[in-house]
Amino acid sequence: MQIESDFLIIGSGIAGLSYALEVAKYGSVNIITKKEDTEATTNYAQGGIAAVSSKEDSFEAHIEDTLKGGAGLCNPEVVAKVVEAGPRCIQRLKEIGVQFSTRHRGLKSRFDLGIEGGHSHKRVVHAADFTGREIEKGLLAAIAARPNIKVYENHLAIDLLTQHQLGGKRKAGEKTRCWGAYVLDTRIEEVKTFTSKITLLATGGAGRVYSHTTNPEIATGDGIAMAYRAGAAIANMEFVQFHPTMLYHPEANSFLISEAVRGEGGKLRLKDGKFFMQHYDPRRELASRDVVARAIDAELKRGGDPCVFLDITHLPPDFIKERFPRIYQRCSELNLDITGEWIPVVPAAHYICGGVRTDSDGQSSIENLWAIGEVASTGMHGANRLASNSLLEAVAFAEFASQDSIRKFKQLEDKSLPRFPDWSSSGVFDQKEWVIVFHDRQEIPQLMWDYVGIVRSNYRLDKARERLGILSRDIEAFYRKNPVRSDLIELRNIATVAELIVKSARMRRESRGLHFNLDYPERDDRKWLKETLVVSPEGEE
Ligand code: FAD
Ligand code: SIN
């Protein structure tokens, strides 16, 4: 079955939905999403969205903070473009009904601005501590009002459609071109062919490549793996951000304690009550995330403790309940009263700065394929993303990519789409050995946590590479022989992304931003003021 549309969007988080609202003015749009439409990392975002919104702040300051955070690897042009789009992005979200927290001064109401690590001014616009849920709800309501946007829930993209699936070889000098994706309808276990003139990858991040992560289950790096297999350039995969403060509790399942808690004065303590951030950075708790996560990691390794503690008990209980209702409620469910008790926290994988390399409009190295949001590496974050710059980047790039891809769409509007062969299951049989999928799904994230975590070394990276090589070969062989299933598709993607992270980490012979290697502890601007790039044989000229 071939399902056609002008625009195909893979992913229903902030990036995909924001883009859909723009391009739907020009053509038909299909959005596919692998679970329910709300099930996106966006829905879990707490802290907020960074945008210059006060007289005291300026674009220059936001740009400077972002460049400083990115440790020399941001693209300054992209940073300026995104930061300057900030107020427009907030306005657009407000217009579709997103309600941000405000503070009243006299008769005037202003955004209640938060501050997070690495920001020199208060500029984080938020909806209490459930900013993402509020944004996702607003975007989905706006999408529902557009008759030419169709959302396919429980549809999981397997691979992009390119010349490869048409059975042809690219001519010399011809670029790889994308016309959509093969997609598994997970309710009926049938693979459908979604074709389109323009395809947008908005599949989010890859936190689930690690055993300890703040990310929801959907974050298995599918978009990065699909783009890599299709031959797209993938950049900067070594820069995995570890959030310093995930709740440490056996039943908490990846629950984040927002950086905004430290922004409101929360202090980190060891179990004996001692503060320690003063030994690591003059900005203490509000140093950038890489610094705070490494500091906690060092303290945990030194003392052998399972967690450190975040203390906000000095704040008035009513303020805590109003400012952090979601965190207060979740902790209360676990019998932890954060108004009177310290919160046990540990670092966890949170965000991937690398991904599908794009230009400053979100276009990938594959023709007719754009990538925005966490799946992309646009040049905005460099070697380390500043808090709350991710939601901003996603909305801003939805604007840039929609304008750019609409121009391309107008050139393609009258062209017909190629007919792709249906998904082939010939030669496939059920080996009834799915235990390997379960086992490898445990092993790879654990291996990545142990060997490719906050602090790395050549020895650990080489061990990881060896083991991943064996696992990947087995997984690929199993994938070729057995019927497609969502757990297998995701495992294959996790393995690919893990290999890309290790490969990129091994390539960079220095420490910078989020990448710290004990064998090269210094930053080397002479040789390494550049991105790491990986391209599969499919993408080579
Ligand atoms: P997502 O929101 O993750 O959406 C991806 C979509 O793609 C989902 O719908 C998913 O189901 C779908 N998908 C994935 N693979 C497939 C496939 N193969 N087929 C079909 N569909 C697929 N950033 C900030 O700027 N501010 C914050 O306050 C903030 N808080 C955060 C809190 C938490 C707990 C976490 C984990 C992250 C936070 N971040 C924050 C980061 C930010 O939320 C994400 O980077 C951002 O939401 C990513 O948006 P996205 O649209 O790119 O991806
Ligand atoms: C948080 O609220 O701490 C997450 C913010 C972010 O990742 O940008």
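Start at 1 and go down the list; that is how both ligands and their atoms are numbered. Residue numbers count from 1 along this sequence.
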List ligand 1 atoms under 4.0 Å from Ile10, heavy atoms only on the residue side.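 Going through ligand 1 atom by atom, the ones under 4.0 Å from Ile10 are 19 (N), 20 (C).
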
Can you list the atoms of ligand 1 that are under 4.0 Å from a heavy atom of Thr214?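 The list of qualifying atoms is 34 (C), 36 (C).
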
Quick one: does NZ or CZ of Lys192 land under 6.0 Å from the six-membered ring centre of Tyr182, within 45 degrees of the ring axis?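 No, Lys192 does not lie over the aromatic ring of Tyr182.
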
Quick one: does ligand 1 sit under 4.0 Å from the side chain of Gln46, the backbone, both or neither, non-hydrogen atoms only?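 It is the backbone that touches ligand 1; the side chain stays farther off.
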
Under 4.0 Å, heavy-atom basis, I'd like to know which part of Ile49 is in contact with ligand 1: side chain, backbone, both or neither.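 The answer is neither; Ile49 stays 4.0 Å or more away.
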
Contact check, [X] vs ligand 2, heavy-atom distance below 4.0 Å:
| X | value |
| --- | --- |
| Arg262 | no |
| Ile257 | no |
| Ser390 | no |

For atom 4 (C) of ligand 2, which protein heavy atom lies nearest, and how many Å away is it?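 So the nearest neighbour among protein heavy atoms is Arg289 NH2, 3.5 Å.
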
Measure Leu256 to ligand 2 on non-hydrogen atoms and call it side chain, backbone, both or neither using the 4.0 Å cut-off.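 Only the side chain of Leu256 comes within reach of ligand 2.
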
Would you say ligand 1 has an N or O under 3.5 Å from any N or O of Ile372?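 No, Ile372 has no N/O under 3.5 Å of an N/O on ligand 1.
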
Geometry only, no angles: is Asp222 polar-contacting ligand 1 at N/O separations under 3.5 Å?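 Yes; the residue has a nitrogen or oxygen that sits under 3.5 Å from a nitrogen or oxygen of the ligand.
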
Using a 4.0 Å cutoff against the non-hydrogen atoms of Ser388, which atoms of ligand 2 qualify?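 With Ser388 as reference, the close atoms of ligand 2 come out as 6 (C), 8 (O).
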
